[in-house]
Amino acid sequence: MSELSFFDGSGEKVEIGKELGRGGEGAVYELKDDTRQLVAKIYHEPLKKEKQEKLLAMVGNQSPDLVNVSAWPIQTLHTKKKGPVTGFLMGKAVGYDPLHHLYTPSNRKNVFPNASWAFLAHAARNAAASIAVIHSHGHVVGDINQGNIFVSKNAVIKLIDCDSFQIKSDGGNYLCGVGVGHFIPPELQDLDLTNLVRTPNHDNFGLAILVFHLLMMGRHPYSGIYSRMNDVTLEQAIKEHWYVYAPQASKRGLQRPTNSLGTGVLSDELNALFLRAFAPEGVEPNARPTAKEWAIELEKFEKSLTQCLKVPIHKYHGEKSRCPWCEADMEKIVFFVDTSLPTLDTTFNFKNVRKQVAEIRTPGPAPDIKVTKTFTPKPMPPTLIRAKRMTYLQRVGIGIGLLALAYYWPYGLFLGLPIGIWLAYLPVDKKNEYAIRELAYKSANRTYTDLAIEYKRDAGDSRFLAQLTIINTFLFDYRDLNNWMDRTKDEFKHHGKLRALQRYLSSFSLIDADLPEVPERQRVVLESFGVETALDVEWAKVYNIKGTTSVMATALLDWRNKLEEQFVYEERDQLEKEDELAYMQAYYNYRRQLESSITTSVQELIDLKADILTKRESMFEQVTEALNQREQLKLDLDFCKKF
């Protein structure tokens with residue numbers, strides 16, 4: 001018998017072909033006879049008795065639904081008939097990719113370019129439904145993590161590494177002794193998993209982490225900025241129940257990573273499930289949302305998503321007023337890349353619009369404001385008139401007295417003359433009246449001045465002319481669209497090599513990289529801060545993320561540099577497909593934006609002209625009357641001054 005030949009549990013010979021993948025405990029091979037669409041897992045080392053019994057129990061407990069959602073063992077494999085179990089046969093997962101290729105934006109762009117948020121929600125729903133099937137048979141996945149769940153291009157989920165599941169059989173359990181730290185619930189952190197009986201409630205914690213990854217673009221719910229501590233591992237954060245997106249998280253010094261999505265984009269029901277899953281009370285038996293609950297709520301959420309009117313691939317929760325992906329795009333954070341060429345679907349007619357603008361005549365400057373009345377000064381109060389008369393008579397009397405004094409005593413003239421001059425120019429006390437008139441004038445002047453400014457601003461043609469200038473600028477840009485296209489195309493070509501290099505680097509996932517210096521839990525943290533592929537690796541960026549040592553940063557940078565050295569650029573006359581798509585999208589977006597701006601601006605011009613004419617009519621009499629009032633009060637004041 002060849003080393004590559006085995007016998008299945010029924011004694012049939014099984015020949016294996018080329019190796020498809022290799023892990024720590026075994027390797028997966030294709031079968032020479034591919035008619036059954038099966039593959040074989042062969043362990044590197046002889047299996048302990050309990051593990052052999054577990055595989056036999058799994059084969060004995062297989063069912064169509066288990067085989068449908070997972071790579072469930074279908075037949076054991078033996079080096080000789082009825083010999084010890086050395087491996088098993090399982091379904092062939094063709095067309096499936098690791099789940100993390102779907103939820104991180106950079107990987108999704110390469111592997112699932114057309115996946116919208118609805119697709120991710122559907123995949124999350126299917127993952128929950130798959131785990132619910134496992135639970136319905138009394139089994140527990142145990143080691144839930146992003147590496148043992150695969151997803152197809154139709155969002156179908158396949159659970160792999162099933163031989164690590166906790167299997168219920170004959171009233172007992174074959175345990176799951178492994179787990180990935182950042183998926184293990186807080187109550188199991190730091191515990192020896194080898195002899196631990198898991199429950200579905202433990203799985204439900206890992207499932208919630210997984211759903212969070214899918215809906216929140218690869219972010220880990222416990223990865224954030226801890227302002228009150230330096231280095232915090234994900235395991236520590238989980239143990240302390242530091243859910244970064246909890247409502248009270250900021251009061252505990254927890255902040256979500258920069259450029260990450262807030263949970264406000266989710267439905268209230270989903271947020272409530274996350275809070276239950278990550279709350280301290282979740283450690284109680286059956287306290288966390290079950291896989292079935294997740295499946296039901298995610299299905300509702302998927303159906304609630306609405307289509308963005310601007311970008312076809314953008315779908316968002318229908319109860320939200322704005323598309324979060326469009327808002328992120330404006331901040332240069334691209335979560336979903338639209339790979340479809342947009343259709344203009346426009347009724348915009350440049351010639352007609354330009355003609356329409358030309359026919360909108362300017363309202364012209366506002367008519368001048370002129371004085372329309374003749375004025376007579378307001379008489380002085382009778383008391384002041386009488387006082388002035390009395391003063392006059394007193395002066396005459398004093399003058400006569402001085403003349404008489406001079407007649408009898410000539411030297412008295414030297415004394416009386418200054419007194420007479422002083423009396424002649426002694427004014428009548430009109431301070432109060434003057435103050436009243438001055439105050440009235442100043443008030444009227446202020447009123448008129450303010451109205452005149454408002455009149456000139458609102459009833460003049462300056463706003464109209466400014467708006468017309470804006471429209472003419474838009475029209476010029478629209479007429480220049482062909483030149484803009486040529487310039488943009490040249491720019492794309494000029495940067496073709498750089499863009500090709502960026503595409504190349506973005507095709508290397510950090511999670512998949514062979515980097516023993518960077519542990520998986522730190523890769524998850526890096527992903528949460530936007531470092532997903534080789535393209536994202538920059539020294540300052542990765543080294544400043546908590547948990548990254550200089551050794552890790554150096555290894556990451558060396559990894560990127562090595563990939564860059566391997567990159568070969570083949571210059572082409574034609575734009576790369578992705579560049580061409582981006583270029584056409586840029587053109588369509590710019591053109592659509594110009595058409596929208598022109599249409600809106602023209603309507604604003606029409607409305608503005610109507611508003612100017614309305615204000616001109618309503619303000620003209622008001623301003624004229626204010627001017628007349630001011631001139632009357634000025635005349636009154638001048639009259640008082642001369643009195």
Side-chain angles (χ1 to χ4, degrees), residues 309-310 321-322 326-327 330 346-378 434-481 590-641:
L309 297 177
K310 293 182 180 177
S321 57
R322 290 176 295 187
C326 284
E327 291 184 346
M330 292 176 69
T346 177
T347 57
F348 186 84
N349 187 307
F350 179 70
K351 288 184 179 179
N352 288 347
V353 172
R354 193 168 56 176
K355 182 182 176 186
Q356 181 188 12
V357 172
E359 289 174 348
I360 304 173
R361 300 299 179 191
T362 172
D368 292 337
I369 301 299
K370 298 177 181 176
V371 174
T372 58
K373 295 180 181 177
T374 55
F375 309 104
T376 54
K378 178 183 176 183
Y434 188 83
I436 292 171
R437 294 190 179 208
E438 185 182 43
L439 182 63
Y441 167 71
K442 286 184 176 178
S443 174
N445 184 53
R446 188 164 52 247
T447 300
Y448 168 72
T449 302
D450 290 346
L451 281 173
I453 292 172
E454 186 179 348
Y455 175 73
K456 185 177 180 181
R457 183 191 63 209
D458 294 345
D461 58 357
S462 59
R463 288 189 296 154
F464 180 90
L465 295 176
Q467 183 68 16
L468 193 59
T469 301
I470 292 173
I471 293 174
N472 284 330
T473 302
F474 286 144
L475 291 174
F476 174 82
D477 290 344
Y478 195 87
R479 195 171 47 199
D480 192 50
L481 264 173
Y590 181 53
R591 179 172 170 176
R592 190 185 294 113
Q593 178 188 341
L594 276 178
E595 291 178 358
S596 174
S597 298
I598 292 171
T599 304
T600 303
S601 300
V602 170
Q603 187 57 50
E604 287 175 353
L605 185 70
I606 295 170
D607 296 341
L608 192 58
K609 180 178 179 180
D611 181 65
I612 290 171
L613 294 176
T614 301
K615 282 194 166 56
R616 183 177 294 180
E617 184 179 353
S618 65
M619 291 186 69
F620 183 78
E621 290 186 7
Q622 187 182 5
V623 184
T624 301
E625 182 56 32
L627 177 61
N628 287 337
Q629 181 71 11
R630 187 191 71 168
E631 294 304 308
Q632 173 65 60
L633 292 172
K634 186 174 185 304
L635 186 62
D636 294 346
L637 181 64
D638 292 343
F639 181 72
C640 181
K641 190 183 297 181

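In what follows, every heavy atom counts, from backbone to side chain, and hydrogens, waters and symmetry copies are set aside.
Considering all non-hydrogen atoms of both residues, Leu613 and Pro363 come closest at CD2-CB, 3.9 Å.
Shown here are the salt bridge (Lys or Arg N to Asp or Glu O under 4.0 Å) partners of Lys310, two or more places apart in sequence or in another chain: there are none. Every residue two or more places apart in sequence or in another chain was checked for a side-chain hydrogen bond (donor to acceptor under 3.5 Å, both in side chains) with Asn349, and none qualifies. In this view, Tyr590 and Trp484 satisfy the ring pair (Phe, Tyr, Trp, His ring centres under 6.0 Å) rule, not counting sequence neighbours. Among residues two or more places apart in sequence or in another chain, the ring pair (Phe, Tyr, Trp, His ring centres under 6.0 Å) test is passed with Tyr478 by Phe348, Phe350. Every side chain to side chain contact (heavy atoms under 4.5 Å, CB included) that Ser597 has, sequence neighbours left out, goes to Phe474, Gln593. Residues that satisfy the side-chain hydrogen bond (donor to acceptor under 3.5 Å, both in side chains) test with Ser618, not counting sequence neighbours, are absent from this structure. Checked against salt bridge (Lys or Arg N to Asp or Glu O under 4.0 Å), Arg361 has no partners two or more places apart in sequence or in another chain. Residues satisfying the side-chain hydrogen bond (donor to acceptor under 3.5 Å, both in side chains) test with Glu359, not counting sequence neighbours, are none. Taking the salt bridge (Lys or Arg N to Asp or Glu O under 4.0 Å) definition, one finds that Lys615 meets it with Asp611, sequence neighbours left out.
Expressed to the nearest 0.5 Å, how far CG of Leu475 lies from CD1 of Ile598 amounts to 4.5 Å. Remark: Met619 CE to Ile369 CD1 distance equals 8.5 Å, nearest 0.5 Å. With rounding to the nearest 0.5 angstrom, the CG atom of Asp458 is 11.5 Å from the OG1 atom of Thr614. To the nearest 0.5 Å, atoms CD (Gln603) and CD1 (Ile471) are separated by 10.0 Å. Between atom CG of residue Leu605 and atom CG of residue Leu468 there is a gap of 6.0 Å, rounded to the nearest 0.5 Å. Distance CG/Leu608 to OG/Ser601: 11.0 Å, rounded to 0.5 Å.
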Show the atom names and distances, to 0.1 Å, of all donor-acceptor pairs under 3.5 Å that link a side chain in residues 434-442 to residues at least two apart or in another chain.
{"unit_1": "Arg437", "atom_1": "NE", "unit_2": "Glu433", "atom_2": "OE2", "d": "2.6"}
{"unit_1": "Arg437", "atom_1": "NH1", "unit_2": "Lys378", "atom_2": "O", "d": "3.1"}
{"unit_1": "Arg437", "atom_1": "NH1", "unit_2": "Asp636", "atom_2": "O", "d": "2.9"}
{"unit_1": "Arg437", "atom_1": "NH2", "unit_2": "Lys378", "atom_2": "O", "d": "3.1"}
{"unit_1": "Arg437", "atom_1": "NH2", "unit_2": "Pro379", "atom_2": "O", "d": "2.9"}
{"unit_1": "Arg437", "atom_1": "NH2", "unit_2": "Glu433", "atom_2": "OE2", "d": "3.2"}

Under 3.5 Å, side-chain donor or acceptor atoms of residues 445-457 against the rest of the protein: list the pairs with distances, not counting sequence neighbours.
{"unit_1": "Asn445", "atom_1": "OD1", "unit_2": "Arg630", "atom_2": "NH1", "d": "3.0"}
{"unit_1": "Thr447", "atom_1": "OG1", "unit_2": "Ser443", "atom_2": "O", "d": "2.9"}
{"unit_1": "Thr449", "atom_1": "OG1", "unit_2": "Asn445", "atom_2": "O", "d": "2.7"}
{"unit_1": "Tyr455", "atom_1": "OH", "unit_2": "Pro367", "atom_2": "O", "d": "2.8"}

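Here side chain to side chain donor-acceptor pair (under 3.5 Å) pairs that include residues 464-477, with residues two or more places apart or in two chains, are Gln467-Glu604.
The closest donor-acceptor contact from the side chain of Gln632 to the backbone of Thr376 lies under 3.5 Å.
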